[in-house]
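When reading the values below, keep in mind they use all heavy atoms of this one structure, side chains included, and skip hydrogens, waters and symmetry mates. So you know, we letter chains A, B, ... as the sequences are listed, proteins then strands, and number each from 1.
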Amino acid sequence: MTEWELRNTRDGYAEALLELGEKDPRIVVLDADLAKSTQTEKFKLRFPERFVDCGVAEQNLMATAAGLAATGKIVFASTFAIFATGRAYDQVRNTIAYSDLNVKICASHGGITVGEDGSSHQALEDITLMRAVPRMKVVVPADYFEAREAVKAVAYLDGPAYVRLGRPKVPVLFGEDYRFRFGKALVMRPGRDVTVIACGYLLHKALLAAEELSGEGIEAEVINLHTVKPLDREGLLESAARTGRVVTCEEHTVHGGVGSAVAELLAEEMPLPMRMVGIRDRFGTSGAAEELVEHYGLGARHIAEAARRLCHGDNGGKPRR
Amino acid sequence: MTEWELRNTRDGYAEALLELGEKDPRIVVLDADLAKSTQTEKFKLRFPERFVDCGVAEQNLMATAAGLAATGKIVFASTFAIFATGRAYDQVRNTIAYSDLNVKICASHGGITVGEDGSSHQALEDITLMRAVPRMKVVVPADYFEAREAVKAVAYLDGPAYVRLGRPKVPVLFGEDYRFRFGKALVMRPGRDVTVIACGYLLHKALLAAEELSGEGIEAEVINLHTVKPLDREGLLESAARTGRVVTCEEHTVHGGVGSAVAELLAEEMPLPMRMVGIRDRFGTSGAAEELVEHYGLGARHIAEAARRLCHGDNGGKPRR
Amino acid sequence: MRPASELERHGNMSGVGPGTEGMVLEGTEAEELRKRLETISRELRRDIVRMIGLAGSGHPGGSLSCVEILAGLYFYKMRHRPEDPDWPLRDRFVLSKGHAAPALYAVLARCGYFDREELWRLRRLGSMLQGHPDRLRTPGVEISTGSLGQGLSAACGMALGLRMDGLPSRVYALVGDGESQEGGIWEAAMLAAHQRLDNLTAILDNNGLQIDGRCCEVVSLGDLPAKWRSFGWEVQEVDGHDVLEICEALDRADAAQGPGIIIARTVKGKGVSFMENNVDFHGKAPTREEMERALEELGEGT
Amino acid sequence: MRPASELERHGNMSGVGPGTEGMVLEGTEAEELRKRLETISRELRRDIVRMIGLAGSGHPGGSLSCVEILAGLYFYKMRHRPEDPDWPLRDRFVLSKGHAAPALYAVLARCGYFDREELWRLRRLGSMLQGHPDRLRTPGVEISTGSLGQGLSAACGMALGLRMDGLPSRVYALVGDGESQEGGIWEAAMLAAHQRLDNLTAILDNNGLQIDGRCCEVVSLGDLPAKWRSFGWEVQEVDGHDVLEICEALDRADAAQGPGIIIARTVKGKGVSFMENNVDFHGKAPTREEMERALEELGEGT
Ligand SMILES: Cc1ncc(C[n+]2csc(CCOP(=O)(O)OP(=O)(O)O)c2C)c(N)n1
Ligand SMILES: Cc1ncc(C[n+]2csc(CCOP(=O)(O)OP(=O)(O)O)c2C)c(N)n1
Ligand SMILES: [Mg+2]
Ligand SMILES: [Mg+2]
C-alpha cells in the first residue's frame, strides 16, 4: 500500500484564512474559545484587529457574525462542528441564513473521528442540520488542499456556507494545483459497476475500498461529493445511470446526511439500489479515531462489503416481497 | 364535500396532560413563556405545583427538563417547535437524549401553517432535527384525538420523544375510541396504485387527494405515518411493494424530513419511483395557513398531481437518460 | 480608526437626525421637539393599531410600548437617509424584540423608506411587511429578527464592524424585558463590555409583561440596573413615554465609555385604554370594533 | 412538601457525609478533617495525572483545579451511598464543566462507585469512563455533561424535582469560569433565583483560565460576585484549595434562603508545577516523562 502524506483539513483552513486576510480587508474571523483547535489562531496572530474571540458562547458567536456581515464583512465563524451547528442552530437559521448574510461557518471536529473526547464532542448530525437550513451551502473537504481551496471558494459565494473540517490528520489526496469546483461532484476514479459517493474522511476509505473491489473484478466509480449542498444532481445521476448501483459513505448519521441527500435524489429521479455506509441512530463514544471508524462500520472493508452486496444482487433493485 | 369538524392538536395535548396529571404524580410540565399557545396553561391551572414556567429561555427549559427527569419525573417540555428543536438542539441532544431521560418534547406551531407570524416562527426543519438525534422518537399527530392518544402513549415510552403539534384547527379524522399504535403506520384508505404517505396537517389533504384520484380511476393507498421515527419499515414496504409507487407529504422541508426517511428506506430496501410533496430549501413567509399550503405546493391538488404523474409513468422508475 | 478620507468618501454626514452629543434639551426648542415627537407618536400608534387590526393578527402590546423610543431614535437621534437606506455612514437600529415589527414599520413608512400604503398589507402573503422584520424585503430593516435574544448579538457585530472601519456610526438595539430571560442577551452583554463597544446603545422596553404574565411572576428579572451594571454596562433609567427623557438619554449615551443601556419604564399597550397593562393584548389583534375604539382614543380624525 | 412517610419509606438518612448544617470547623476535629481531605486530594491528583497520562488525552488543568472542591463534596458534605448509587435520598452532584471528568472519576472510584482499575481505561473504546461524563455508563454520574453551560440548568431541574417530592436532598453543580460565558448559565441562574431553590448550591471553579487564554483577556467575566448577586444568588468566596474553607462554605450554603454560589479561587493545573496556570495544559495530556515528573511532584510512592 502507498504511504500517504498526512495533513489536517483545519490547517488548510488556516492557510486559506491567511491568504484571504492578506488580500481582502473585509475578511473577519470569529471563534468561541477554540482558536487553537480550529486553527483560527493563526489568523488572529497575523490580523489581530480582524479577529474576535467570543468566548464560550456559540449563540453569540453566530449572531455577532451576522451583525458583522451586515456591515459588509466576510465573516468566518469557527468552533467545533457540534456547537456551531447544534448549539447555535437557531442563530444560524434565523439570523444568518434568513438574513442571507456572508457568514462562512467553518467548523472543525466534524464526525466520529473526533475520537477520545467522546459523544458530546462528536458532531454526527451537523451535515443534516446545515442541509436543512435554506440558503445554506454545505461543503465537506477531504484533505488539506481541498479544505484550503474550498474555503477560498466559499468566501466569495454569496450568502451563508458551512464547511466541515475534521480533527485528525488525513491522507493528502490532492496537490498544490488542485482546483476546487464548488457544487461539482468530482470523479476520483472511474468505474462501471457501482458508484461510491464519499466525502471528507471517508473519501480515502472509499478509494481503498475501490482498490480492494477492483481485485475482485468489481470496478467502483468513486465520487468525491465535497459539495453536499447544493447537490450535483447532474453529475450523480450521470454516474448512477451508468453503474446502476450506489453506495454512500459518511462519518455521520444516515438520517438526513449524505446518504439521505442521495436517496432523495435517486428516489425522485432514478430509483436504484443503494447502500448507505454511515452511523445509524447511535451516539458516538470515546476511542481512537481509526478504532471508531471500524467500530461504527465505516472502514474501507465496510464500504467494499456494501458495494459487493449490491453488485452480487443481494436483493438489489428488486422488491423484497 | 363533507363538512369536517375542526379541532386543535394542541387541545388534544392539553387534554392528555390533564388525564395524565390526574393519575400520575410524576407528570411535570414545563413551558417557556408560551403556555397559552402550547396549551400547557390548562395543566398549570389544575396542577400548579407541577408546572414550571422557564420564561423565554428554551435552552434552560430543555436542560432543566432533563434534570427533573433525572429525579424520576416524566417531563413534558413545551414551546414552539422551532425553538424547542432549533434553539435548544444541543440541550436536547447532549443533555436529554444522550442521558436517555424521560423528557417528552411536545411542541406546538410546527410547520408552515403557523401562518402570519412568518418565517422566524415556522418550524420547517424540526422533524429533520429530531430525527437526527439518536434515541429520539418522533410523532406527528394528525388531529385532536391522535394528538391526545399519542401524548398519552409517549408518556410511558422509555426515554425522550418529540411530538409535533400544529397551530391551526384541523379536521377531526378520528374519534373518542381511536387507539394510537406507536410505531405502526396506519392505513387510512386502501388502494392498489400508489402509496401516499402523510402525517399531521397534510394527512387530511392526502385523503382529499385520494378522493380526487379515485374519480380518475387511480386508487391511492393513504398511510398515516404518525410515527416518523422509528419508521414502520415493514408496514411501509408492504404497501409500497403492492403499489409500486410512493408519494410522501409533509408541511416541512424534504431535506431530512418524512420524504427523506422514506427515501432512505426505499433506496436500501426497495428502490421505487417516488415523489416528495414538501418544502424545498425555502424559508417560510407570512400568510394565511391555507394560502401558504397552496403557495408552497402542499395542497390536495399538489399531492394528487404528484401521484398522477407517478402513475402515468412520467419517467417513473426508469432512468432519465 | 479609519482614516478621515474614508469619511469623506462617503460624503457629508447629514442624515435625518441632528447627531447632537450631550446637548441639554431645554427652552422652546425642547418644547417644540417634545410636541413634534408626541404628535408623531400618536400617529404612529394609530398606524400600529390599524395595521394590526386590518391584518387580524400581530403584537399590539409590545409595539405600543416602544413608540416613543422609536420616535426618539428615528426622528431625533439617528443619522439615516430614508432615500438611501444603505448609506454607509448611517446609524443602525436592530429590533431585537422582533414581534414589535408594526412599530418599526410605522416608523419606517413615516420616514419614507416605503409607501405608507404598504402598512395595510402587513402579514399578507407576498407583503413586504412580514410578521417579523425581514431585512431582504423591507427597506430600512438592518437585520431579520423574530427569534428573541439574537438581535443584541447582531448589534454587537455591527458595532464591531463599524469600529473596524473607523466609522462614526452608532448602533441601537431595542430589547424586551421578557426577552432578557434569553441567555443570548447576557452573552452579548459580556462581549460588548469586554470589547468596550462605546458605539452600542441598548434600550430596554421595560413594560413588565411577557406572554404568560408579569415578568416578575413568570421568571423575575430582579434588579435589572444592577444586572447590567454588573455586566459592565453604563445604565440610564428613563420614563419610556417621555420623549424628552428618551432623547436626552440617547444623547448622553454618545459619551459612554463602553456599551450603554437605557432602561425605559414603559406600559405595554400604551395609549389604548383596554390594551394598557393587559397581557392578553401581547399577541392578539383587536377586533374591528376594538380597532375603531382604539383609533378613537388615539384621536383618529383630529 | 412531601409527607414524612415518604422519607421513612426510603429508610434512614445516613450517607457518607455527616449532613451537618452551619457547623463551625475548629479544633482538632477540624485539623483532622483538613489532614484527611488534603491527603485524599493529593491522591486524587495522582490518579488524575496518571489517568490522563495513560489515556494520552484529556483535560488536566481544569481537573486539577477542582480537586479540593470535589473532595469537600464527596468526602465531607454530600450524603450519598456508593454501594447504592440510586439511593433516593442522596445529594446530587452535577459536573457542569464536564471536561473535568477525570477528577470526578478519581473521586467516584475512591468512594467505591466502581473499581479503581477502571481509571486506567479512561477514554478507551468501550470504557465505562468516557471522555466526558456519561450517566448511562458510569455509576455515580447523575447526568451526562460535556457540552458546557447545561449542567447548571440540569441541576436546577433536579432541585425542582427533589423539592416537589419534599426530599431533603441538596444539589451541587460545579461550573467553570470560562463556562460562565455561556448564556445558558445565566438562564439557569435567573430561574433558580426566581424559584428560590435553596437546595441548590453552585461552586465556581474560578481558575482564571479558559482555552484561548486568560478569561479576562478572552471575554472578561468582570465582577463575578456582583453578577451572581444581581441575579439573586447568595455569594460566598473561598480559597478553592483550602479544604476547610470549602467545607465551611458548603455548610453555610445549607442555610441559604435561595440558591447559593461558592466562588472558589483556584489555580488551573494545581499541584503540578509545570501545569499550574499554564493554559497549554487545559486539554493536553502530559507525555510519559511529564507524567512521571508530575507524579513525583505529587509524592508518588510516599
Ligand atoms: C426565542 C424565542 N422564544 C419565544 C418566542 C415567542 N415570544 C414572542 S414575544 C414573547 C414574549 C416577549 O416578552 P417581551 O420581551 O417582554 O416583549 P414585549 O413585552 O416588549 O412585547 C415570546 C416568548 C420568540 N419569539 N422567540
Ligand atoms: C458548549 C461548549 N463549547 C465549547 C466547548 C469546548 N471547551 C471545552 S473546555 C472549554 C473551556 C472551559 O473553560 P473553563 O470553564 O474555565 O474550564 P476550566 O478552566 O475549569 O477547565 C471549552 C471552550 C465545550 N465543551 N462546550
Ligand atoms: Mg415585556
Ligand atoms: Mg477556567
Side-chain angles (χ1 to χ4, degrees), chain B residues 30-41 44-45 48 51-64 78-88 90-91 109 112 114-123 167-168 283-296, chain C residues 52 55-59 96-99 101 121-138 143-151 175-187 209-221 279-280 282-285:
Chain B
L30 304 188
D31 207 303
D33 198 29
L34 287 167
K36 293 172 193 177
S37 294
T38 63
Q39 303 280 359
T40 59
E41 197 178 43
K44 168 186 167 181
L45 292 173
F51 176 88
V52 180
D53 201 319
C54 295
V56 196
E58 296 79 10
Q59 296 197 94
N60 191 45
L61 166 80
M62 292 303 171
T64 297
S78 290
T79 175
F80 286 172
I82 193 161
F83 307 127
T85 63
R87 186 60 156 265
D90 196 30
Q91 280 74 13
H109 290 61
I112 195 76
V114 163
E116 292 80 359
D117 270 351
S119 176
S120 63
H121 284 58
Q122 290 158 331
R167 188 188 70 84
F283 281 108
T285 194
S286 290
E290 271 295 307
E291 256 179 354
L292 295 174
V293 165
E294 267 299 305
H295 183 72
Y296 285 89
Chain C
I52 300 177
S57 72
H59 299 80
S96 194
K97 42 168 278 190
H99 57 281
R121 295 190 15 83
L122 176 72
R123 294 176 158 244
R124 298 269 166 77
L125 184 58
S127 169
M128 123 185 332
L129 302 184
Q130 293 288 297
H132 293 80
D134 180 340
R135 101 185 253 276
L136 300 180
R137 300 211 205 204
T138 315
I143 197 148
S144 304
T145 51
S147 177
L148 293 169
Q150 307 188 20
V175 176
D177 43 9
E179 182 185 14
S180 304
Q181 291 157 354
E182 284 287 358
I185 294 293
W186 304 101
E187 293 180 0
L209 296 179
Q210 51 194 109
I211 299 183
D212 284 348
R214 305 201 303 156
C215 300
C216 62
E217 285 168 6
V218 178
V219 173
S220 174
L221 293 159
V279 78
D280 291 343
H282 167 84
K284 195 181 68 173

Evaluate the side-chain contact (heavy atoms from CB on, under 4.5 Å) criterion for residues Lys36(B) and Val279(C): first the C-alpha distance (whole Å), next the side-chain angles of each, then the deciding distance (0.1 Å), finally the verdict. CA-CA 11 Å; Lys36(B) 293 172 193 177; Val279(C) 78; 3.5 Å; yes
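At a 4.5 Å heavy-atom cutoff, Phe283(B) makes no contact with chain C through either its backbone or its side chain. For Ile82(B), no part lies near chain C; criterion is any non-hydrogen pair under 4.5 Å. Thr145(C) touches chain B through its backbone: at least one of N, CA, C or O sits under 4.5 Å from a heavy atom, while the side chain does not. With a threshold of 4.5 angstrom between heavy atoms, His99(C) does not approach chain B through any atom at all.
Per-residue counts of heavy-atom pairs under 4.5 Å with chain B were compared for Gly56(C), Ser144(C), Gly131(C); the largest is that of Gly131(C). Comparing His59(C), Gln130(C), His132(C), Arg124(C) by heavy-atom pairs within less than 4.5 Å of chain B, the highest count is held by His132(C).
Residues Arg123(C) and Asp117(B) come closest through the heavy atom pair NH2-OD1, 2.8 Å. The minimum heavy-atom distance linking Asp212(C) with Asp33(B) is given by the pair N-OD1, 2.7 Å. A pairwise comparison of heavy atoms in Gly55(B) and Gln210(C) identifies CA-NE2, 4.1 Å as the closest pair. Between Ser120(B) and Ser147(C) the shortest heavy-atom distance is CB-N, 4.1 Å.
A distance of 4.5 Å separates CG of Leu34(B) from CD1 of Ile211(C), quoted to the nearest 0.5 Å. Distance CG/Asn60(B) to CD/Gln181(C): 10.0 Å, rounded to 0.5 Å.
Under the 4.5 Å side-chain criterion, counting only non-hydrogen atoms from C-beta, Glu182(C) is in contact with Val56(B).
Side-chain contact annotation: Arg137(C) with Ser286(B), donor-acceptor N/O pair under 3.5 Å absent.
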